[in-house]
Protein chains: 2
Amino acid sequence: MSDVTIKDIARMAGVSHTTVSRALNDSPLINPETKERIKSIAGSLNYTPNYSAKSLVLDRSYNLGLFFTTLHQGTSSGFLYAALRGVNDVIKDGYNLIVRGIDDYKSFHHVNRKSFDGIIVMSQSAADQPFIEYASQRSIPLIVLNRQIEMEGVWNLIPDDQSGAYRMTEYLLQCGHRRIAIIEGKRGFKSSHARKEGYLEALRSAGIEPEEELFIRGEYDFESGYRAMMRILELAARPSAVFCSSDDMALGAVKAAAERGLRVPDDISVAGFDDTLYSAFITPALTTVRRPIEEMSRAGAERLVALIEKRHVEDHNRMFRTELVIRDSVKSLLEGDE
Amino acid sequence: MSDVTIKDIARMAGVSHTTVSRALNDSPLINPETKERIKSIAGSLNYTPNYSAKSLVLDRSYNLGLFFTTLHQGTSSGFLYAALRGVNDVIKDGYNLIVRGIDDYKSFHHVNRKSFDGIIVMSQSAADQPFIEYASQRSIPLIVLNRQIEMEGVWNLIPDDQSGAYRMTEYLLQCGHRRIAIIEGKRGFKSSHARKEGYLEALRSAGIEPEEELFIRGEYDFESGYRAMMRILELAARPSAVFCSSDDMALGAVKAAAERGLRVPDDISVAGFDDTLYSAFITPALTTVRRPIEEMSRAGAERLVALIEKRHVEDHNRMFRTELVIRDSVKSLLEGDE
DNA sequence: CTGAGGATTGTTAACGTGTGCATAACATGA
DNA sequence: TCATGTTATGCACACGTTAACAATCCTCAG
């Protein structure tokens, strides 16, 4: 069962296996009638092509890789999910989607042209650099998402984190907040840097000098947000708002505030970044910045397939607009506000 | 570059390509010295075997499939993440892990022995049945996780949902609750049924007759939990506790309560099921039941690899113990309780 | 000196598919 | 009638690897 080959079909149809191969691949060379006959025989035998054999002769693996920096530390489940959905939506049949964490590799030996027709790297850290260079050197079609990269021939799609952070900070300022703390993301992540830059930029263009005391380092996860908020609440001069570089940290911050008897947003405002799935459903619903992970992944997958199949693509590199999502966790300090 | 084959190595080493093949596969047939020589040449040439060719002759694809019921509706990101991590931790090198939603297939044509050495189905619905039968008929090594299945030759690992729900309900009863509502899971999911059974069983063995009025249908997601809770709060005789069949629904329930001016757990108790990642960090921290998804997935992957490599395995089928996680969302109604 | 047998290596075919080139049948036009 | 072109098909090989079988060399007992 299921071990039918084109030779079996050829025997039954009274033709050579070459003709069968051509017929099943819709070659214009062969007679429409025989083509139909062969296809119907193939159908009735429940023929499935042997992809290993195809791979060998066509030099294509039919595998696409979706690589994350890590599947263990720092990758949030919502992030993974959005990326997977975006890519998966595009590739459908015809390709296998292989998911892996880069840090799972002891060596990159298994990463080569024969094993991957193309690779999407959802890059969250500069630690991915060696992997990206390795893949690039082996001339594997390559798309890097989420983190800015400067390499010739590598296509790059990234969210505009900095302007997202800028707009969030601007919004907090518009609400009348003047002393705004930031809980920063993981050290070494470019996204941490971009978000802080946006924050600083907004403060400065409002004529406010940033205070070092209000910069607290976090790790992007719940616990670190909790701990960071505890430190903020111990400050002699407490800020009126806290901008968290991730929603996960914002959740931790809200919890810390609650434990200290403070209500969000009445006693202190908290803003997040990411718009994870549950951010809308917790109490208070989180004011945050949406990163279009799924759209970015979809666009990445489309570009990768186009690249592999040598179709033309307009913009190799693109920035995806982040979006301010206003909910209930930030309070306006201005009088007469609705 | 990277197009070195064993024939190239053979030429350089002055031997036949067969010898090279044997050397690289550590065959005992060949001289240790030539073996070393060949290996070092292979290393210096940066040789990587062509897996398509290996696949063809060895009749193995080196692909493992991890299939979810859907990647779109009802699968929570935490669930996906835990499963992926569990499986990924085990297989490491040697296999490609291919992730897909069953409902992405228009036909199962691409699912066959040649394309998959083995398959893990993380089954969340009876709708998976045709897929499972298809794979089983094609005699693909197959492990079904999470949902009970009765098929000869198909290995099955499931969480003990019923006893988890039983223990949770028992705990609510011990806390003095007598009228306990249940927000049920998605219709047709076996897990929904098992959780309700555990709930009913616990009530009955405490001598309490379940009330139909307190059974509210949900869909496992945030919104449906929110809606279900709204209906519960409109009941003339309001229950003192609500057992939600998922944490996502419990979050929705907490939000609904808050909007109606009720505090959890002071005014009403809420219990969840799943122990998703953020359950510990929201306010109030959720009392829930932990399903060992990651452990189950790990065990499933181990069994699958053993099955493929024809190694012996003790227990083909197993139930994984769920665990009561007591946090802050359930209040004891008994006096003198701490 | 000879034959047996172990150790090591080589020859050749096979896996299932696609493709360059040859071939055959037939039509066309001068 | 013959040269030429068009259409449909087959032959033979290639892809990179493994494996059954054959071959060679060497050692050692009789």
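Within every chain, numbering begins at 1; the chains are lettered A, B, ... in the order of the sequence lines, protein sequences first and strands thereafter. What you are looking at is a predicted structure, and each value in this text was computed from that prediction instead of being measured.
Nearest to the side chain of Val57(A), among dC15(C), dC15(D), dA8(D), sits dC15(D). In the set dG20(C), dT8(C), dA20(D), dT8(C) carries the atom at the smallest distance from any side-chain atom of Asn31(B). Of the candidates dT17(C), dT17(D), dG10(D), the closest approach to any side-chain atom of Tyr47(B) belongs to dT17(D). Taking the side chain of His17(A) as heavy atoms from C-beta on, and the options dT9(C), dA12(D), dT17(D), the nearest nucleotide is dA12(D). Of the candidates dT17(C), dT17(D), dA8(D), dT17(C) carries the atom nearest the Ala53(A) side chain, counting heavy atoms from C-beta on. The listed nucleotides are dT17(C), dG18(C), dT9(D); the one nearest the side chain of Thr34(A) is dT9(D).
Each of Thr18(A) and Pro28(A) lies near DNA chain D, and the nucleotide nearest Pro28(A) is the one positioned closer to the 5' end.
Side chain Ser55(B) to base dT17(D): no donor-acceptor pair is found below 3.5 Å. Evaluation of atom-type donor-acceptor distances gives no pair under 3.5 Å for the side chain of Thr5(B) against the base of dT17(D).
Atom CD1 in Ile6(A) sits roughly 13 Å away from atom C1' in dG10(D) (whole-Å rounding). Protein atom CG of Leu56(A) is 9 Å distant from nucleotide atom P of dC15(D), rounded to whole Å. In this structure, the CD1 atom of Ile38(B) is 13 Å from the P atom of dT18(D), given to the nearest Å. Spacing between atom CZ of Arg22(B) and atom P of dG10(C) amounts to 9 Å, rounded to whole angstrom units. Atom P of nucleotide dG10(D) and atom CG of Leu29(A) are separated by 13 Å, given to the nearest angstrom. Computed from coordinates, the Lys114(B) NZ to dC15(C) C1' distance equals 9 Å when rounded to whole Å. The interatomic distance linking Glu33(B) (CD) with dA7(C) (P) rounds to 16 Å, in whole Å. Between Asp26(B) atom CG and dA19(D) atom P the separation is 14 Å, expressed in whole Å.
Two residues are said to be in side-chain contact when any heavy atoms from C-beta on lie closer than 4.5 Å; Ser123(A) and Leu145(A) fail this criterion.
Separation of the Phe116(B) and Phe67(B) ring centroids falls under the 6.0 Å cut-off. Tyr81(B) has its ring centre no less than 6.0 Å from the ring centre of Tyr81(A). Tyr105(B) and His110(B) have their aromatic ring centers separated by at least 6.0 angstrom.
OP1 and OP2 of dG16(D) both lie 4.0 Å or more from every side-chain N or O belonging to Lys54(B). Distances shown here put every side-chain N or O of Ser52(A) at or beyond 4.0 Å from the OP1 or OP2 atom of dC15(C). Contact check, Ser21(A) against dG18(C): a side-chain N or O comes under 4.0 Å of OP1 or OP2. In this structure, Asn25(A) reaches the dG18(C) phosphate: one of its side-chain N or O atoms is under 4.0 Å from OP1 or OP2. For the OP1/OP2 pair of dC15(D) and a distance below 4.0 Å, the side-chain nitrogens and oxygens of Asn50(B) include no atom meeting the criterion. Contact annotation: Thr19(B) does not reach the phosphate of dT9(C) (side-chain N/O to OP1 or OP2, under 4.0 Å).
A salt bridge does not link Arg113(B) to Asp59(B): none of the charged nitrogens lies less than 4.0 Å from a carboxylate oxygen. No salt bridge links Arg147(A) with Asp161(A); every basic N to acidic carboxylate O contact stays at or beyond 4.0 Å.
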